[in-house]
Structure formats: C-alpha cells, structure tokens
Amino acid sequence: MLRAKLNHAFGRPFRSPLRGLVHAQGLSQLTPILRGAYFPRPNFEEPPMSESEATVEPPESANEFAGEYAPRELSPLETLRHSMAHLMASAVAQLYPGTRFGVGPHIEHGFFYDMAITEPVSVEDLPRIEEKMREIAKSNLKFERSFLDRDEALVWCEQTGQDFKAEIIAGIPQGKISFYKHGDFTDMCAGPHVNYSSKLKHFKLTAVSGAYWRGDDKNPQLTRIYGVGFESKEELEAHLKMLEEAARRDHRKLGRELELFSISQEFGGGLVLWLPNGAFIRKQIEDYWREEHLARGYQLLFSPHVAPYALWDRSGHNEHYADSMYSPIDVEGQLYRLKPMNCPFHIGAYKHRQRSYRELPMRFAELGTVYRFERSGTLHGLMRVRGFTQDDAHLFCTSESLEAELGGCLDIAQTMYRTFGFPEYKVELSVRDAKNTKKFMGSDEIWSLAESTLAKVLDDRGIPYTRMEGEAAFYGPKIDVKVVDAIGRVWQLTTIQLDFTQPDRFDLSYVGRDNTPHRPIMIHRALLGSLERFFGILIEHYAGDFPLWLAPEQARLIPISEKFVDYAREVEAAMRAAGLRVKLDDGDEKMGYRIRRAELEKVPYALVVGAKEAESRTVGVRRRHAGDLGAMALDAVIGRMKDEVERKAAL
RNA sequence: GCCGACAUAGCUCAGCCGGUAGAGCAGCGCUUUCGUAAAGCGCAGGUCGUCGGUUCAAGUCCGACUGUCGGCUCCA
C-alpha cells in the first residue's frame, strides 16, 4: 500500500496540511464517546486510588526486565483496569477452552483484550462472560506472579498453544518472562496486577469487535472485547450515564429528527445533503466566520473543485496523497482531479503576480469544499465524510511577522470557541524529534525559529500546552487545539501548521526591502476544521438546542383558538419586521399538543396568544427549558430576543 | 477492505416451532376551537434490503451480495 511506503519513507504516517484535524484522524478523535476516549471533566475525573486499594507488585529486581521491555509504571487505576482485562481473559478461557490470547491493555476508562476465541462471540455473549468474571472475582483468587526463562516460556507457549504470546517473546531481547496466575488461569503478562481478584468490582463489558493482531491488516484478526472499569460504583454509573447521554445527543439521530441534513446511499454515501434547517445554521456559522475574518484583515477566496493533474504533481499530492484522492477525470484529453485540499489554489492566488514585502502578511481564507476518498467502513455521519468544506486559510508572511500571525490565528480561534460555548480546550505543540532531524524537511534554523515562535506565542498568551516531541509533520511544526464539549468529550478542531515545503515546490517569493527575492513562510490553518464535522460536534454539544442566533426557527406562535389567529398574525408581522424568525402554528390541534410539537422540534420560544394577550397586546412567553415565563409586552419580547441574538447567547 | 451484529410502513418497533404482515407516532380527511408537552373518528401507507436455495408453503430456515451500526490507534 502506498501509505505504508510513505510511512516508511517518512518514518510516520503521511499527514498533509490540515489533514490531521479534519478527517484523517482515527475514529478516536472523531467519535471518542464510542471508544471511551474522551477526557473526563471534573465530575468524571478519576482520583488516584490509595495505595491500600490496589497493590502494585514492584519488579523483583531492577534487572529483571531490560531496556524498553521493563514493565510500564501503571497507576493504581490503570493496574485495576489491566487486571480486569485479565479477569475477562480468564472468564473467556473458562467459557471457550482453547482460546489463544493476544494483548490485553488498560485503556482510557477501561480495558480490552484481543483474543482468538474458539467460536464467534457477539454482544449477546457479553453478559455471560461478565457473569463469569464476577463469579471468578468473588472467589477472591490471588494474582500470583512467577518468572520463566525465555526457553521455558517458549515451551509453555508451545504446550498451551499460545502462539501470539510466543511472538511477543520473540520481540523481547532479554530477561526473564513474567507470568501471572489466578485460580487455574495462567497468562504471560508483565503486570502489574492487583493482589486479589475481589478488588475487581466495578466493570462492564461494552463492545466486541475485530482487531488485527498488532494492528496490521496482514495479520490474523482477533476478537477484541472492550470493557469499562472504575474504582467505584458511582464512577462506573456516571460513565454509563454519560454514554447514554451521548446516545441521546447523537448527531445522526438529531440530524434526522430536526431535519438538519440527510446522508443516504441513493445520493451518495459520505456525501452530505444539507436540509433547510441545517443549511440555515450553516449559513449563520459562515456569515459569522466571514465577518470575523474580514475584521482581521483576511481576504476571501473562492477556488475551483477540480484542478489539472499536473498541478497535483507540483504540489506533491499525486505522489504523497493519492490514496485519499479520487481517480482523474478526463476533460478533452486532459486529466483533472477533484481537490482534496485548497492550498494549491491559495498559492495560485499568491502567485498571481509578483509580491512585495509591503504586501505581507497576506491572509487568504476560504470555505473550501474538498473531496477525499474514505473507506466505506470508516464513514460516520457528519464526522467522517467524503466531501466537506474546510474553514481554511493560508497566511504568507516573513519571519519577522511570524509571531504576530500565529498569535492572530490563536486569537481568532479563541474567539470562536467562546462564541460557540467551548470554554475549555487543550493545546498540543508538535515539534520535530531533536534526535532525528533527518526526517523533517527544512533547515535547522527555520525549524528552531518556527518551534520557538510557536512556543512563545502560546507562552505569551498564558495558554498551557503539551509539547509533543517528534509529532510534527515532516513539513513543519504545528499547534493543535481540542475543545471539550458539554459532556466532557474532546474534539480536535483547530490546527495551525507551518509548511516549509510548499513555498519551495511552488517557488514562492516576495521582493524584500533589499530588492532581492525572498521565500515567504506559509501557515496553513483551519479553526473549526470542516463545517460538516463542526456542525456534527455542535449538534451534540448543544444536544440539538441551538442558541437563538443559530436557530432556524426562533419562535413558534401558538394562538389558543381560531379566534386569535388575526392577532397572532400581527405579532408575527411585528417580529418578522424586527428580523426574527417566527412561524405561526394555526393548526386545529389543541394548544397543549402544539406546544408539545414546538418542544419536540426544539424551537427556543413558544409564544402563546389568546384573549388576555390580544386584549393587552402581550404574548405568553414560554422559553425552552425555562418553561412558562408569563405574559410579556410584545416589544419586550422582541427586545429580549434581539438582545439574545446580538449577544449570541447560549441557551 | 476485515471482524461482529443488524436490515419489516416516513420514524420507532412487534411478528413464537415456517402457514401468507401488525401497532404507535408522523401523513391525509372529517369532527373539535381548546390556556402551556399527546382531543376523537376514519383513511391511506409494505415485492418484509437484493438475488438465489430448501419446502406443499419463507418476513421467518440456509447461502451470496448490498447497506447500516460498533470496532479495526492503545502492544506481555
């Protein structure tokens, strides 16, 4: 596979500009809830266990495990989860004799174990396995550790048919091999483990799936059973409740119910049809986005959806990115390809004529629609699609203005997080591997400058960040930002990346004060990622309850009976004139039913008018989540709503 | 693509051991004009994902295909 070759060539997965944030991440970033990969907010925080709760057996001597195969230091909670994985393995071993075991690590919120089980296992089998686990846990077996020499360990593998474990041994250069035994079950395992199985109480098996041995699709596929595990019942319950909450907020479900968007096979898998309600919200987001960019000196671009094959040669996409691109299209004998990124066009705009240092920095922004091939199995609602619109921008600047430009990117990003109600976020600074500079393109000078500038910009703003050594793209370092949503899940939105290759490839230049050509520095950035994915995140973040400024329908007018329809129309006209989006529901159902309908459609305001209101020129205001607020003067309601829109207030 | 599960009306779902398809909601019509989350009656709506097989008989059993969902990064 080409990507495999690229990985080899670059020593890391090939990541193209902006690739990382939008659709290229594993589903871990995209649907963290489903895999338990979201970060807990304080109420889900996992306090460390006290030492007495979980006993971690230290290695018997420092030399027992050599080099990188020394056992990891596991926290008490990680140890607990790791032991749960082994408890599960023992349960499976009892229920399905002959099962061969792969690996069973702790993961965020729980654990999994990859196993070659003697028969197919489905979710219906999980309760049975879980029951067996509890039974074993209750018998309070001791987890006993022992060691074998490599040869002995291999004999053990041979005798017990544990061929995967034998493979693991093959990868261990030296030292004794560690085993753990509880009851009749022995597993080759580095540990550490809790001391008694009775410590393992608060867990639940959640999913079963296939997973390739060692993550390689050329290897046999094992059955992976996932579980979640916590140290207290309360935490487990909170976690399960949160999973339920996530299901309630599922953007695919809400998207259908609220008529936001439609994705169907008939109109193309992975291709989004924005329905009127969703399209309106998108328009609001786009208007706001353009406004913020124009106010910050960006210039807007529109670029084509296809480009000649040769352009993708020059940009390097044909060489490095073909796996994600669609087949060429023949246009009168010349080949074109759908664009997977916008950068070549923005470069084209820069190259339109000779540039002077006086023009820099140039900031080109575009809501640019790109198309990328994604394997059918990876498509997921709005979160992973095949055609999407990036909120893209490319900034061209000198090294002197680099700091200010990067700062500007962070500022606009922070403004947007605030607007959309993401007060909490996490920042990662990905830099090159200082020990292995060869795999990163560009001079030491430019890298040092770039990395220190990125760090300085974060430091100056007092933004805490995690430094990711060696995680930079081969073409430049980057800042990634992940926001925390209403139920504590983490979503990557923003990426700000420096690119040292494209300006060279396209021979970009500007004439400096010294009257000689210079190479500009190029920044790629996307703040929201893609409109599709961001919309999916917003739907789940708001649980479908959009703030008033985004809501397609802001108020539903409900006359109590036919007699008050005329007054309702007056109210409707007044509100429309004030720029509010109102709909009149003069259906012949009872008022209670129409209120219910408005609630189910998540309309922010239901305005009830009857005899009282018509008399006093008021409306009965019912605010979603707040309930009946009583009668208010028509002007007061309009003022209140306009203010709410103005402030872009959250619901 | 691979592993597992699933596919019945627009939506949510029932349909047992194989005997010839059902509910609620939504839609449409009529009645009702009502004070803060479901008025009443009626009508219409389905080649049971597709193709093939077993059988007197298939929504139901078997196989293939298509699609959807959960995963396929976490390495003793």
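In the text below, chain A, chain B and the rest are named by the order of the sequence lines, each starting its count at 1.
Closest approach of A:Arg248 to A:Ala543, counting heavy atoms only: NH2-CB, 4.0 Å. Residue A:His82 comes nearest to A:Gly104 through the heavy atom pair ND1-O, 3.1 Å, listed as atom of the first residue, atom of the second, then distance.
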Inset, instruction - Scan nucleotides 8-14 of chain B nucleotide by nucleotide, 5' to 3', and note B when protein non-hydrogen atoms come under 4.0 Å of the base, S if they reach only the sugar-phosphate, - if neither. - result: ---SS--
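Judged as a salt bridge (charged side-chain N to carboxylate O under 4.0 Å, His left out), the pairs with a partner in residues 603-617 of chain A (not counting sequence neighbours) are, in order, A:Glu570-A:Arg617.
Of the two residues contacting RNA chain B, namely A:Tyr593 and A:Gly630, the nearest-nucleotide position lying further toward the 5' end is that of A:Tyr593. Nearest-nucleotide positions on RNA chain B for A:Gly269 and A:Glu562 put A:Glu562 closer to the 5' end.
Taking atom C1' in both B:rG4 and B:rU8, one finds a spacing of 22 Å when rounded to whole Å. Rounded to whole Å, the separation between the P atoms of B:rU54 and B:rG22 comes to 29 Å. Taking atom P on both nucleotides, B:rC61 is separated from B:rU68 by 24 Å, rounded to a whole Å. Taking the C1' atom of each, B:rC51 and B:rC69 are spaced 23 Å apart, rounded to whole Å. B:rC62 sits 12 Å from B:rU55 when the C1' atoms are compared, rounded to a whole Å. B:rG10 and B:rG27: their C1' atoms are spaced 8 Å apart (whole Å). The separation of B:rU50 from B:rG67, taken at their P atoms, amounts to 15 Å, rounded to a whole angstrom. The C1' atoms of B:rU60 and B:rG19 are separated by 11 Å, rounded to the nearest whole Å.
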Legend entry - Dot-bracket summary - RNA chain B, pairs being Watson-Crick or G-U whose distances fall under 3.5 Å, with | when paired to another strand: (((((((..((((.....[..)))).(((((.......))))).....(((((..]....))))))))))))....
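Using a distance-only test at 3.5 Å, with no hydrogens or angles considered, a donor-acceptor pair links the side chain of A:Ser83 to the main chain of A:Val194.
A:Phe112 carries A:Arg224 over the face of its six-membered ring, with the cationic atom under 6.0 Å from the centre and within 45° of the normal.
Within 4.0 Å of A:Ala606, counting heavy atoms only, lies no atom of the nucleic acid at all. A:Gly610 comes within 4.0 angstrom of a nucleotide base, judged by non-hydrogen atoms across all strands. Within 4.0 Å of A:Leu600, counting heavy atoms only, lies at least one base atom of the nucleic acid. Among the atoms of the strands shown, base atoms are found under 4.0 Å from some heavy atom of A:Lys612. Counting any heavy atom pair closer than 4.0 Å across all strands shown, A:Gln162 reaches no nucleic acid atom.
Picking from B:rG35, B:rA76, B:rU33 the nucleotide with the shortest atom distance to the side chain of A:Ile560 gives B:rG35.
No side-chain N or O of A:Ser197 forms a donor-acceptor pair with one of A:His182 less than 3.5 Å apart.
At whole-Å resolution of the value, CZ in A:Arg224 and C1' in B:rA5 are 18 Å apart. Counting to the nearest Å, the P atom of B:rC75 and the CG atom of A:Asp114 are 11 Å from each other. Regarding A:His193, its NE2 atom lies at a distance of 9 Å from the C1' atom of B:rA76, rounded to whole Å.
Residue side chain A:Arg594 does not reach the base of B:rA38 through any donor-acceptor N/O pair under 3.5 Å, judged by distance alone. Between the side chain of A:Glu613 and the base of B:rG35, a donor-acceptor pair under 3.5 Å is found.
Between A:His109 and A:Phe230, the ring-plane angle classifies as tilted under the 30° and 60° cut-offs.
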